[in-house]
2 protein chains.
Amino acid sequence: MVEPKSQSRERVLQAAESLFMKRGYEAVTVKDIAKAAGIHHASIYHHIPGGKADLFVEVTTRHLYQHQKGMRDAIVNAEDDLHSQLLAVATWLLSQPPLDFIRLTNSDLPSIDEKAADEINNLAYEAVLVPIADVLEQACLKGVVDHPNLGNVAGAILSSIQGLHAVPEPDVLNTRIYMAEQLIAVFIRGIAK
Amino acid sequence: MVEPKSQSRERVLQAAESLFMKRGYEAVTVKDIAKAAGIHHASIYHHIPGGKADLFVEVTTRHLYQHQKGMRDAIVNAEDDLHSQLLAVATWLLSQPPLDFIRLTNSDLPSIDEKAADEINNLAYEAVLVPIADVLEQACLKGVVDHPNLGNVAGAILSSIQGLHAVPEPDVLNTRIYMAEQLIAVFIRGIAK
DNA sequence: GTCTATATAAAGATAGAC
DNA sequence: GTCTATCTTTATATAGAC
């Protein structure tokens with residue numbers, strides 16, 4: 001277990017993570033983050049001397065590793081069938097801030113250092129897409145499903161679950177999970193009669 | 001046919017549309033738009049006195065109406081079966097700049113006037129989601145498909161097609177359309193053996 | 001480790017000449 | 001209708017006191 005360098009550095013990282021993931025790199029200011037962390041914005045530079053761009057890279061990387069762990073935990077703790085595993089993944093994804101790959105690719109990453117952008121891109125792929133593709137692959141080996149491009153299907157599952165983050169807030173979180181469950185059933189069985 | 005107020009106003013609107021849709025409200029500057037339109041940024045305010053926010057509202061509204069028309073045209077010109085109609089919709093969507101609903105909802109719209117934001121939100125629903133839901137509904141009435149929440153399925157189809165805008169550029173546009181076609185088949189028949 | 005004060009640069013916007 | 005010049009505000013960032 002890694003000890004956080006300091007409590008208030010940690011508050012800064014959490015505030016930054018939540019804001020950057022929700023609104024994107026350009027839409028969030030250092031002052032927004034400082035305010036959410038409860039400190040003066042000048043103090044941010046004590047904790048992260050590299051400034052806004054470094055903060056984004058650190059926090060996005062961290063967020064993606066957290067996803068990697070969250071996804072894997074969800075999958076291993078789920079019942080050993082495709083529907084349960086995908087539902088566990090969806091429940092995890094909906095418990096986190098929206099992870100908007102379109103924005104990440106087209107807006108956030110072009111604003112930062114290219115090398116860092118590449119690393120984040122690769123990590124996003126490994127941490128979030130691959131675990132879903134692996135679940136599908138396992139089901140394929142068991143003979144319960146079959147498809148020539150499981151990566152494509154994994155991407156579609158991911159996109160459609162994340163898309164639920166854009167639906168106007170239903171009564172409770174439960175409802176979004178219910179919608180996710182409906183979608184998983186569609187991916188498995190289709191909507192054809 | 002509505003005449004454009006002026007050629008250069010139209011160039012401004014097109015530049016703004018393309019940039020805003022790709023990178024979002026906050027990530028695009030008035031200077032970016034002016035440069036893409038080939039004029040000085042001060043001249044933007046001659047064409048759109050309301051400034052950046054008004055420009056975003058006008059251009060986003062216009063973009064959504066264009067989607068409404070593009071979707072309907074795609075559907076009526078397609079063969080009269082679900083797969084063809086959804087493929088036509090996907091082909092249209094992939095021919096346009098990415099329409100990122102997560103970013104629109106969580107980042108762009110909160111930056112502008114609330115009333116305008118509501119209208120854009122409703123329009124997005126009517127222009128893009130409803131046409132897909134209608135196609136599904138028609139297929140349902142014909143008895144070829146069946147699902148208790150076609151709006152949810154329509155949203156998933158939309159999200160997963162749009163998600164293809166985040167995949168690293170394949171060889172040609174065709175490949176994305178091919179991926180879209182694979183996904184449509186999955187939505188209809190599922191991946192279960 | 002946090003603040004005040006300040007520097008620097010960029011963005012949105014306006015005035016007015018041409 | 002477009003430009004130059006300018007204004008104002010905001011954002012990122014630094015210096016230095018406490």
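The sequence lines fix the lettering, A, B, ..., with proteins before strands; numbering per chain opens at 1. Side chains included, hydrogens not; waters and symmetry mates left out as well; all remaining heavy atoms used.
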To the nearest Å, give me how far apart CZ (R11(A)) and C1' (dT2(C)) are.
11 Å

D54(A) atom CG is separated from dA13(D) atom C1', nearest whole Å, by 13 Å

side-chain hydrogen bond (donor to acceptor under 3.5 Å, both in side chains) filter on D108(A), not counting sequence neighbours, yields R103(A)

Suppose the criterion is ring pair (Phe, Tyr, Trp, His ring centres under 6.0 Å): which pairs have a residue in residues 79-130 of chain A, not counting sequence neighbours?
H67(A)-W92(A)

Partners meeting side-chain contact (heavy atoms from CB on, under 4.5 Å) with H40(B) (sequence neighbours left out):
A42(B), S43(B)

Using atom CD1 of I33(A) as one end and atom P of dA13(D) as the other, report the distance to the nearest whole Å.
10 Å

Rounded to whole Å, please give me the gap between CG in L19(A) and P in dA11(D).
13 Å

Return the orientation label for the F56(B) and F20(B) ring planes: parallel under 30°, perpendicular over 60°, tilted otherwise.
perpendicular

R9(A) CZ to dT2(C) C1', straight-line distance once rounded to whole Å:
16 Å

With A139(B) via side-chain contact (heavy atoms from CB on, under 4.5 Å) - residues at least two apart
L82(B), V144(B), V145(B)

Spacing of I48(A) atom CD1 relative to dT14(D) atom P, expressed in whole Å
13 Å

Please tell me if H46(B) has a side-chain N or O lying less than 4.0 Å from either OP1 or OP2 of dG1(D).
yes

Readout for nucleotides 3-18 of chain C: B = base within 4.0 Å of protein heavy atom, S = sugar-phosphate only, - = neither; 5' to 3' it is BB------SSBB----

Using the side-chain contact (heavy atoms from CB on, under 4.5 Å) criterion, which residues pair with H147(A)? Sequence neighbours excluded.
N149(A), L150(A), V153(A), Q182(B), V186(B), I191(B)

